[in-house]
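Read through the structure below, which is laid out as structure tokens, and then see the notes.
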2 protein chains.
Amino acid sequence: MANPLVADAFIDFLLFEVLDVEGLCRYPFFAEHSKATFEPWLAACRRVAREVLWPTYRPMDLEPPRFEHGRVVVHPAMKSCWRELVDLGVLSASRPADVGGQQLPLTVASLSHAYLMAGNLSAYGYAGLTTGAAHLIEAFGDPQTRAAFLAPLYEGRWTGTMALTEPQAGSSLADVTSTASPTAQGHFLLRGSKIFISGGDHDLTENVVHLVLARIDGAPAGTRGISLFAVPKLRPSATGLVANDVLVSGVIHKIGWKGLPSVALSFGDEGDCHGWLVGPAHGGLKCMFQMMNEARIMVGVNASATASVAFHEALAYARERKQGRPPGSADASTPPVPLVAHADVRRMLLRQKAIVEGSLALLGLTARFSDVAEHSPDDAARAHAKLLLDLLTPIAKTFPAEKGFEANALALQVHGGYGYSSEYLPEAWLRDQKLNSIHEGTTTIQGLDLLGRKIVAGGGAALLALQQEVTDGLARAGQRGVDAQLLEPVAKALEALVRTTAALGARGVSGDVTGMLAHSADFLELASTVVLGWVWLRLAEASHDRGDDFSRGLQQSARYWLLTEVTRAEHFAQLCESAESSFVDVKDAWLG
Amino acid sequence: MANPLVADAFIDFLLFEVLDVEGLCRYPFFAEHSKATFEPWLAACRRVAREVLWPTYRPMDLEPPRFEHGRVVVHPAMKSCWRELVDLGVLSASRPADVGGQQLPLTVASLSHAYLMAGNLSAYGYAGLTTGAAHLIEAFGDPQTRAAFLAPLYEGRWTGTMALTEPQAGSSLADVTSTASPTAQGHFLLRGSKIFISGGDHDLTENVVHLVLARIDGAPAGTRGISLFAVPKLRPSATGLVANDVLVSGVIHKIGWKGLPSVALSFGDEGDCHGWLVGPAHGGLKCMFQMMNEARIMVGVNASATASVAFHEALAYARERKQGRPPGSADASTPPVPLVAHADVRRMLLRQKAIVEGSLALLGLTARFSDVAEHSPDDAARAHAKLLLDLLTPIAKTFPAEKGFEANALALQVHGGYGYSSEYLPEAWLRDQKLNSIHEGTTTIQGLDLLGRKIVAGGGAALLALQQEVTDGLARAGQRGVDAQLLEPVAKALEALVRTTAALGARGVSGDVTGMLAHSADFLELASTVVLGWVWLRLAEASHDRGDDFSRGLQQSARYWLLTEVTRAEHFAQLCESAESSFVDVKDAWLG
């Protein structure tokens, strides 16, 4: 049987029964939508993912982009992928009709895109990046810039990138040194080097538009002096598109996402690189960060999708491959059993399944808060949803990336020696997955963001909002008859989180920022444990007492996760509270 | 600074202060040895590792073996590696003088070989496999077989392999179907297919000797009908070496260990493949398993070494690479700090360091029990050591493989976006590491072996022996003044292990083998937690109160591991005891 990439039954259940996306259609922005519009959209995404993208995954992994005569040449199969993605309408799926979009809820867009990512992560990457760049111009560009760039991007005639990172600065955007000098004609002259620019050059479309962070001459140091610019590879002129002094200085040999080039770019070596300001001068980082939740949700979906496709591959292999006999029946005259008949193999499969389902549900819930925060007509509902969106985003980005990596390693492990060969696909997805803990803010950065900003946002309002959600979830699950044994770990974990946040917050308030943030990684684990507990209660409640195979499978995932993982919360809480300081105190010279 | 591969100060400390390898020299077998012979041996291993093997690692990773005209051609750099490894005396380092060996304790041999593995895991692989094959012939071969094969193997003129796995059988050796038909000339005619044969063909030496599992005609089904044979690629004849009907049917495209070919072999397609019985007829698996502890210890050292070299690379990178500022000092006008100045980066480094040190110390302790079990003149001491050797081996194989993979992923993570490229080495070691949870018995198999056999061995004597070791360790550490806070988690973990083993053992005794073994993976985690706690007490005690940078670093690793990891024991114990059965009960149809 062909790999389904993502389980249809689960996505349908999630969208229509857990997330009530039909309920979102009450908002004016989604008023044209209903289950009747969502379903054909989902069907179209599934078709493109399975019939168009999936068959190109392996060839694109085997033949990465080449750097030839200063330009990047991508796999020829990418042309038809791109055409189909554009025709599908993926670039503006959740954008408004006035820019050609379909006004789909982000909830529906994200979960339907999971199929495309699972089919071919790199191929989807060009689309995700293009939408991200276009969305920035749509939100912050002046009319002239919007007129120049928006239609070609949303129509897929050009693609977009995010050009943030510089070689010397890495994750530290405060240290960006690219410059932008104003001209009398309204444009700026850009100069600087960027690295790790995904989709930064290719032969897929005639042009690429880079969203570049740079400092306007005389701007203050640090993050408050950074502006955002739209800088095309070819710039519009009276005679059509002309070269804009953007040089590809090299291609990074990535270990995964091999269908999508990552390049180093030089802007303005000849002093002739034009860029157009997007958003206010010196306000570039703020604009960028207004898109950050969406970008990080996309990374979370990338990660979930990559774990999903590998899980389905491992499941199929475990059903087909016969090996050994269960303990207690070692009689070699009986035929060997399929791998799935071994309890520890089922453990590895159920763990992957629970990671995939938990991740997708978390992303769906987070995206739904984004839809409410953006489109609810109710001010209070919007504010409440925004708090939760901000709080959940670092978790929705990191949990699928980190646990997804573990799931991908298990998918390889289930394949045994065959899994260790490139004749089988799990190793490729394992390589793909590793990027998700690095790009769009490393796991370290997500931990600091959660503990240093998001959980303490609104003077405690964010934590309170989460606490209310989890408490409501517990009550609802209890009323619905979910086994009390499953509720208890979530209640305890929540209590541990609230207690720990108060303790760490007190350290911060007393001026001990280092002490507050030292265990940010453990705090991220703790908060993720609570949030996933809440997610699993939702899933357990919605699938309770239905009796079909799908629901029973979900009940088993819920039991597994709630009893095996959520019960770890107290451990992480104690690490945070104990202020165990070995790694804080260790001196460089002691490390070796 | 060049990558040290493994920290000299730590290995010296381990061998001479923790493991008292000089004490082993009281045994007659090691009587010729002393610190004065160990030190030049260590120096020689370090030199070959750093000067000969290390420079070849990357070229060999980039250019894997080629399959040409039915034969395997390996990287040309491997020739000089092999010559130096042979000249060093690595093949027979721990073998007796009467076969040309140096009679080194396995403790010294293992930890010195860690340098060679860290320098180039694949290059070392040819040597490890050759020693393993020769050792089997040395131990179980008849005089004629020993005369034919032993000297060429130990002298490095030929290499050896283990040819156990068959395509249809995988890990299930009971299902081996290769056959061996006796002849009047004393040899057997072999026929069958083997897969994943590391070093199974190459152009490094003129001949390869395969140790093959096969069934003599009429042998019973299952593991009791399996015999062991020495089957050379070229067999000795009156006219010199002639082809022995061993065909390379393909090369596996492994994702790591790229310098060492893994091949599929066909024996006896032409009915002319001669093999010589090694050990008793139908007793092949028993012979093989007598070497298994040593083979699995070697895998553990492979894993530790691979984590070690990556840790040192990450540490050097974190010291050199400047990025951002610590929380609370975000002033971008101050210069950026090295990565190592960030607390969460130090956490990732200290975690890697603790995994590497804990793994190497565990391997050293396990190897020392092997030396005592093999060479102590005292019957009781040998029996006691053998129990502990058997009990510790599944842990010494698995902990470094599983946690080493995590450490290798952290080394990549510390490198950020650069770590995601093949321009940097961490990704290569991450690929290498993944094999160690698969070969020589998967992690699943190690868990079943530990819980189903090793911990209950001798009617409880094995567990009792471990309990005594840990209790003694706690007392000694207490007397030495190690912080009581560090002792407590180990005491609690031990109690949890003893309690859990009794509970699971009772299930087994009552006939519920499935119930006993269901949580074998969690039990392996629990037992590893206890054992590593014991290891870290030993290290903490030996480095206590010394005040130099090295000892302070070790104290920090000890604190980190004992307070962060050993405190997890109760969680694993509860999973085992609760009989949480989601993955046991889940039906195939519920999985998706």
Side-chain angles (χ1 to χ4, degrees), chain A residues 7 170-172 174-175 196 221-222 252-255 315 323-324 327-328 332-333 336 340 343-344 346-347 349-350 353 413 416-417 420-423 427 434-435 437-438 444 452 513-514 517-518 520-521 549 552-553 556 559-560 563-564 568 571 575 580 582-584 586 588-592, chain B residues 7 170-172 174-175 196 221-222 252-255 315 323-324 327-328 332-333 336 340 343-344 346-347 349-350 353 413 416-417 420-423 427 434-435 437-438 444 452 513-514 517-518 520-521 549 552-553 556 559-560 563-564 568 571 575 580 582-584 586 588-592:
Chain A
S171 298
S172 177
D175 292 311
F196 302 131
I252 318 294
H253 297 103
K254 288 199 307 319
I255 61 172
L315 178 58
Q323 202 172 298
S333 66
V340 72
D344 198 56
R346 288 201 302 282
R347 179 187 63 80
L349 291 169
L350 190 62
K353 177 174 177 281
Q413 184 79 15
Y420 197 70
S421 83
S422 52
E423 266 92 3
E427 66 86 19
K434 195 77 224 85
L435 187 62
S437 63
I438 298 171
T444 294
V513 180
T514 306
L517 295 177
S520 54
D549 282 350
R552 282 179 171 150
Q556 294 303 98
R559 287 197 84 79
Y560 174 78
L563 297 176
T564 300
R568 293 178 201 245
H571 175 73
L575 289 179
E580 192 286 297
S582 52
F583 63 85
V584 182
V586 72
D588 184 352
W590 304 355
L591 286 168
Chain B
S171 297
S172 177
D175 292 311
F196 302 132
I252 318 296
H253 297 103
K254 288 199 305 321
I255 62 171
L315 178 58
Q323 201 173 298
S333 65
V340 72
D344 198 56
R346 289 201 300 284
R347 180 188 62 80
L349 291 169
L350 190 62
K353 177 174 177 283
Q413 184 79 15
Y420 197 69
S421 84
S422 53
E423 266 92 3
E427 66 86 18
K434 196 77 223 84
L435 187 62
S437 63
I438 299 171
T444 294
V513 180
T514 306
L517 294 178
S520 53
D549 281 350
R552 281 180 172 149
Q556 294 303 96
R559 287 198 85 79
Y560 174 79
L563 298 177
T564 301
R568 292 178 203 245
H571 176 73
L575 289 179
E580 191 287 296
S582 53
F583 62 87
V584 182
V586 72
D588 183 351
W590 303 355
L591 285 168

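Keep in mind that the numbers below use all heavy atoms, side chains included, and drop hydrogens, waters and symmetry copies. What you are looking at is a predicted structure, and each value in this text was computed from that prediction instead of being measured. First the proteins, then the strands, lettered A, B, ... as listed; each starts at 1.
Contacts of A/Leu315 with chain B are made by side-chain atoms alone, with heavy-atom separations under 4.5 Å and no backbone atom involved. Heavy-atom distances place the side chain of A/Leu517, and not its backbone, under 4.5 Å from chain B. Contact annotation for A/Asp175: only side-chain heavy atoms (C-beta onward) come within less than 4.5 Å of a heavy atom of chain B. A/Leu563 touches chain B through backbone and side chain together, each having a heavy atom under 4.5 Å away. Residue contact with chain A, scored on non-hydrogen atoms closer than 4.5 Å, involves the side chain of B/Lys353 exclusively. Proximity to chain B (any heavy atom under 4.5 Å) is shown, for A/Ala7, by neither the backbone nor the side chain. Residue B/Tyr560 touches chain A through both its backbone and its side chain, counting heavy-atom pairs closer than 4.5 Å.
For the options B/Gly416, B/Ala518, B/Pro336, B/Ser437, heavy-atom pairs under 4.5 Å to chain A are most numerous at B/Ser437. Ranked by heavy-atom pairs shorter than 4.5 Å toward chain A, the options B/Thr564, B/Leu435, B/Leu349, B/Thr514 are led by B/Leu435. Of the residues considered (B/Arg559, B/Lys254, B/Arg568), B/Arg568 shows the highest number of contacts with chain A, using heavy-atom pairs under 4.5 Å. Contact count against chain B (heavy-atom pairs under 4.5 Å) is highest for A/Ile255 among A/Val513, A/Ile255, A/Asp344. Interface check for chain A: of the options B/Ala343, B/Ala589, B/Ser520, the most heavy-atom pairs under 4.5 Å are formed by B/Ala589.
When every heavy atom of B/Ser582 is checked against every heavy atom of A/Gln556, the shortest pair comes out as O-NE2, 2.9 Å. Between B/Val584 and A/Arg346 the shortest heavy-atom distance is O-NH2, 2.8 Å. Nearest approach of A/Arg347 to B/Ala521, heavy atoms of both residues: NE-CB, 3.3 Å. Contact between A/Glu427 and A/Ser422 at its shortest, heavy atoms only, is OE2-CB, 3.5 Å. Of all non-hydrogen atoms in B/Val586 and B/Leu591, the two that sit nearest each other are CG2-CD2, 4.0 Å. The minimum heavy-atom distance linking A/Tyr420 with B/Ile438 is given by the pair CB-CD1, 4.3 Å.
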